[in-house]
Amino acid sequence: MYIRFVSFVDQLNKYRQSKISDRNFLVFAAIFVGIFAGLAAALLKGITHKIQHFLQSDLHWQYKYYLYLLFPAIGILLSVIYVKRFIRKGKFETGLTPLLYTISKKSSRVEAHNTYSQIITAAITVGFGGSTGLEAPIATSGAAIGSNVGRFLGLSYREITLLLACGAAAGIAGAFNSPIAGIVFAIEILLPEFSIPAFIPLLLSAATASVVARLFFKEQLFFLVTEGWEMHALLFYVILAVVVGLYAYYFTKMNKIIKGSFYKIKNPYYKIAIGGLILGLLVFLFPSLYGEGYITINSLLKGDHNAIISNSIFSQLSDLPFVVILFALVTVMLKSVATLVTLAAGGNGGTFAPSLIIGGILGFIIAHTVNVLGIAELNVANFIIAGMAAALGSVMHAPLTGIFLIAEITGGYELMVPLMITTAIAYFISRGVSKYSIYTKPLVDAGHLSHHEDKDTTVLNMMSLKSIIEKDQLILRDTDILSDKISDILASKRNVIPVVNAENIFQGVVYIETILKHVSQKYTEHIAISDITDMPAEIASLTNDVKEVLKKMEQENLWVMPVVDYSGTYIGLVSKTHIFNKYRDILSQQAY
């Protein structure tokens with residue numbers, strides 16, 4: 001049945017290619033991806049808001065607020081149980097780092113279950129109070145839709161990658177009702193190389209998703225009322241930018257510390273218990289850490305400066321301005337902790353929304369403090385908006401995404417100059433102290449970073465070592481007699497012949513020069529292969545990537561290299577010729 005289906009799809013693709021070119025067909029495919037990514041965004045937001053509304057409004061119990069200590073842990077537990085129960089064959093990963101790795105090392109093949117598993121786990125995690133955002137899961141879900149549509153249609157790597165980016169852009173556009181930000185996000189974060197032909201599919205996919213999502217959610221995410229910005233506030237925007245840039249560095253360091261600490265805990269249920277209790281306690285003391293946190297930002301934008309403290313156990317102190325400022329400062333420092341604990345404990349989400357919340361609160365702190373001290377009269381809402389753009393741009397190392405997203409979702413185009421100034425300075429500081437973002441740093445540490453490097457590295461990282469191992473060559477046993485194998489050796493046309501023992505454990509290689517030397521002396525009858533076997537200078541392992549193997553070949557001036565598994569069992573040979581042929585194949589697939 002499966003073979004018949006594959007045959008049908010292959011015939012369908014051949015017929016389609018005979019009628020319309022892949023480039024033109026991508027336009028229709030992008031619209032298709034946009035429709036389903038928009039529906040996915042609406043579904044994710046709808047489920048999450050239903051869960052939050054039930055727990056916060058529909059659930060009536062005298063002591064329900066004490067359950068806020070447990071709600072986050074329950075959400076993470078349900079998310080982990082779902083993954084373990086229903087995603088057995090595939091691998092489940094969260095955040096944008098796996099997506100970048102997929103583009104770099106897995107030929108942009110996102111596993112199909114991500115189309116729905118990201119929605120389910122993120123809705124549960126955030127709905128129950130996990131302090132993360134929905135944007136990374138919906139971007140991954142949209143990317144999975146684009147990747148699998150491209151694979152189904154038999155498209156090349158380049159085209160699959162473009163549809164993957166279209167899906168991610170559509171997911172962001174649908175989640176925020178911001179098609180321009182979705183396009184900029186895809187170009188700035190995901191696409192290894194941007195070309196003009198890629199712009200049209202991205203534009204159509206993002207616009208389609210925005211229209212589809214708007215059918216279900218018409219309300220604007222943030223409401224900004226502003227008369228523009230004043231020149232006297234320019235210095236304070238610069239101060240805000242510096243603070244946000246330094247906070248981005250703090251966020252990166254906390255990311256390393258918290259992930260490292262939870263990585264040492266091997267039992268996943270211990271992670272849930274520890275992370276859930278930490279998160280529950282933080283949410284109980286600082287309610288604005290619950291879920292995405294957009295409600296708090298909206299209240300601050302409307303001028304309710306006590307909103308950040310009003311629902312906490314310290315609400316009776318809300319009339320004291322400096323207590324509010326101190327509470328906001330502690331909240332913003334703990335927001336990154338709450339987000340990173342949620343993710344490290346097993347929850348699903350991203351740092352997109354937390355970055356916005358962090359920047360917004362930092363903007364509020366600076367503007368409100370200046371106003372309270374009487375130093376100047378600043379528009380607090382303007383600084384909240386500028387802080388959000390700066391934080392997103394500096395934490396993600398995506399300044400254009402930060403600027404256009406915030407301008408688009410708030411309607412704050414009149415603040416474009418402050419947005420540009422604060423985001424550029426914050427990004428410059430963040431980039432100066434940390435060259436890579438929290439998404440690309442793990443790839444750098446693992447040696448998988450590709451699209452920030454040269455084109456050769458990009459192509460090499462796309463190759464799988466297994467796919468270029470040659471297995472159809474002569475293999476000698478160490479117990480063989482040379483005279484018995486002369487004819488086979490001469491027919492093999494190989495300069496290097498692998499040698500194994502009876503258990504297929506690699507013993508070394510025999511060089512054709514050595515064999516010809518003995519043949520010329522007519523002394524082969526009593527020579528065992530083990531007597532003329534040499535151990536090569538380098539041996540490749542299945543754990544090596546192609547870039548590492550090629551580097552070893554260059555260092556030792558080798559043209560072929562044996563490959564073994566972890567137990568030393570011989571797998572096959574890898575040659576420079578095969579690597580270069582594969583390199584050319586990938587380049588030809590990337591060309592439009």
Side-chain angles (χ1 to χ4, degrees), residues 48-49 51-53 55-57 64-77 79 122-136 222 247 250-251 254-255 257-259 262 272 274-301 304-315 317-318 323-365 384 387-388 391-392 395:
T48 304
H49 294 168
I51 295 174
Q52 289 178 336
H53 189 269
L55 296 179
Q56 295 179 347
S57 302
K64 83 167 186 177
Y65 288 101
Y66 292 100
L67 289 177
Y68 278 75
L69 289 166
L70 301 177
F71 280 156
I74 294 172
I76 297 173
L77 176 62
S79 179
I124 293 172
T125 299
V126 179
F128 275 84
S131 193
T132 62
L134 299 174
E135 294 74 29
F222 297 114
Y247 189 96
Y250 163 78
F251 193 100
M254 291 302 298
N255 181 53
I257 293 170
I258 292 174
K259 282 189 174 180
F262 275 83
I272 296 170
I274 296 172
L277 288 176
I278 292 174
L279 184 58
L281 182 61
L282 291 177
V283 170
F284 181 77
L285 295 175
F286 303 90
S288 57
L289 298 179
Y290 187 96
E292 296 171 290
Y294 290 149
I295 295 176
T296 300
I297 294 298
N298 261 322
S299 297
L300 292 175
L301 287 173
D304 183 6
H305 298 165
N306 295 332
I308 198 165
I309 194 175
S310 59
N311 292 322
S312 73
I313 59 176
F314 307 101
S315 58
L317 302 175
S318 60
V323 172
V324 173
I325 293 171
L326 178 61
F327 189 87
L329 182 62
V330 176
T331 299
V332 80
M333 298 302 290
L334 292 178
K335 179 62 179 179
S336 58
V337 175
T339 297
L340 297 170
V341 166
T342 301
L343 298 175
N348 187 13
T351 56
F352 214 102
S355 298
L356 297 180
I357 304 307
I358 287 166
I361 296 177
L362 285 174
F364 163 75
I365 291 172
I384 292 173
M388 292 168 70
L392 186 62
V395 170

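- With sequence neighbours excluded, the residues forming a ring pair (Phe, Tyr, Trp, His ring centres under 6.0 Å) with Phe364 are His305, His368, listed by chain and number.
- The distance from atom CG of Leu362 to atom CD1 of Ile357, rounded to the nearest 0.5 Å, is 11.5 Å.
- Here Ile272 contributes atom CD1 and Leu77 contributes atom CG; the two are 5.0 Å apart, rounded to the nearest 0.5 Å.
- You'll find the side chain of Ile361 reaches within 4.5 Å of the side chain of Ile308, heavy atoms only.
- Taking 4.5 Å as the limit, every side-chain heavy atom of Lys335 sits out of range of all side-chain heavy atoms of Thr331.
- The nearest pair of heavy atoms linking Ala353 to Tyr294 is CB-OH, 3.2 Å.
- Here the shortest heavy-atom pairing between Ser355 and Val395 reads OG-CG1, 3.6 Å.
- Residues Gly276 and Ala73 approach most closely at CA-CB, 3.5 Å, considering heavy atoms.
- If you take CD1 on Ile295 and CD on Gln52, they are separated by 6.5 Å, rounding to the nearest 0.5 Å.
- In terms of heavy-atom proximity, Ile365 sits nearest to Ile325 at CG2-CG2, 4.2 Å.
- The backbone N or O of Gly127 lies less than 3.5 Å from a partner atom in the side chain of Tyr290, making a donor-acceptor pair.
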Using the side chain to side chain contact (heavy atoms under 4.5 Å, CB included) rule, take Val323 and Ile309 through it: C-alpha gap first, then chi angles, then the decisive distance, then the call.
CA-CA 9 Å; Val323 172; Ile309 194 175; 4.1 Å; yes

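- Distance CG/Leu301 to CD1/Ile297: 6.5 Å, rounded to 0.5 Å.
- At least one side-chain heavy atom of Thr351 sits under 4.5 Å from a side-chain heavy atom of Phe251.
- Residues Asp304 and Asn306 form a side-chain contact, since some pair of their non-hydrogen atoms from C-beta on lies under 4.5 Å apart.
- Listed by chain and number, the residues in a ring pair (Phe, Tyr, Trp, His ring centres under 6.0 Å) with Phe262 amount to none (sequence neighbours excluded).
- The distance from atom CG of Leu279 to atom CG of Leu343, rounded to the nearest 0.5 Å, is 10.0 Å.
- Considering CG of Leu392 and CD1 of Ile358, their distance stands at 10.5 Å, rounded to 0.5 Å.
- Using a 30° and 60° split on the angle between ring planes, Phe327 and Phe286 fall in the tilted class, from 30° to 60°.
- At a threshold of 4.5 Å between non-hydrogen side-chain atoms, the residues Thr48 and Thr125 do not count as touching.
- In plain terms, the two heavy atoms of Pro354 and Gly133 that are nearest each other are CD-N, 3.7 Å.
- Counting only distance, with no hydrogens or angles, the side chain of Thr339 and the backbone of Ser131 share a donor-acceptor pair below 3.5 Å.
- Partners of Tyr247 under the ring pair (Phe, Tyr, Trp, His ring centres under 6.0 Å) rule, at least two apart in sequence or in another chain, are Tyr250.
- Of all heavy-atom pairs spanning Ser79 and Gly346, the tightest one is OG-O, 4.0 Å.
- Considering only heavy atoms from C-beta on, Pro72 stays 4.5 Å or farther from Thr342 through its side chain.
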